[in-house]
Amino acid sequence: MLKSFADGGLETSVLVECAGYFIRAGADVNAARPSKLGHNTTALHIAATKGLDNIVSMLLAAGADPQRKCSSARGVEKCALGLACDTPW
């Protein structure tokens with residue numbers, strides 16, 4: 001869901017509000033799915049690569065696993081911080 005919102009060009013404040021709503025509603029902050037980043041991608045991975053610092057903080061505070069890795073099509077596994085470091089700003 002976060003990826004869809006972030007790719008849709010929504011304002012950061014709207015993204016933060018939406019993320020907060022899902023977290024308060026009990027969304028699994030470690031839920032994973034395939035994405036362009038790779039397999040087992042979580043909201044934390046997406047927020048980190050999009051530079052959404054407020055959402056990264058919210059997800060971590062809600063229990064998101066900062067060590068969880070997603071794997072790319074080439075089999076390279078990276079955590080959210082590793083993906084953020086690889087993202088050209």
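As the structure is a prediction and not an experimental result, all values here were calculated from the model.
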Checklist line | Any side-chain heavy-atom pair of Ile46 and Thr41 under 4.5 Å | finding: yes
Item checked: Over all atoms of both residues, closest heavy-atom pair of Ala84 and Ala48 -> CB-O, 3.6 Å
Margin query: Minimum heavy-atom separation for Leu83 and Cys70, please, with both atom names.
Written below: CD1-SG, 3.6 Å
When the side chains of residues 51-62 are checked against the rest of the protein, which donor-acceptor pairs come out under 3.5 Å, sequence neighbours left out?
{"unit_1": "Ser57", "atom_1": "OG", "unit_2": "Asp53", "atom_2": "O", "d": "3.2"}

Note to self: Applying side chain to side chain contact (heavy atoms under 4.5 Å, CB included), can you list everything that pairs with Glu17, at least two apart in sequence or on another chain?
What the structure shows: none
Next item on the list: With sequence neighbours excluded, tell me which residues meet side chain to side chain contact (heavy atoms under 4.5 Å, CB included) with Ala32.
Entry: Asn40, Thr42, Arg68
Notebook entry, point to check: Got a second to check how far Cys79's SG is from Gln67's CD, nearest 0.5 Å?
Noted result: 6.0 Å
Check: Do the non-hydrogen side-chain atoms of Leu81 and Pro66 ever get within less than 4.5 Å of each other?
Finding: no
Margin query: Could you measure the distance from the CG atom of Leu44 to the OG1 atom of Thr49? Nearest 0.5 Å is fine.
Written below: 9.5 Å
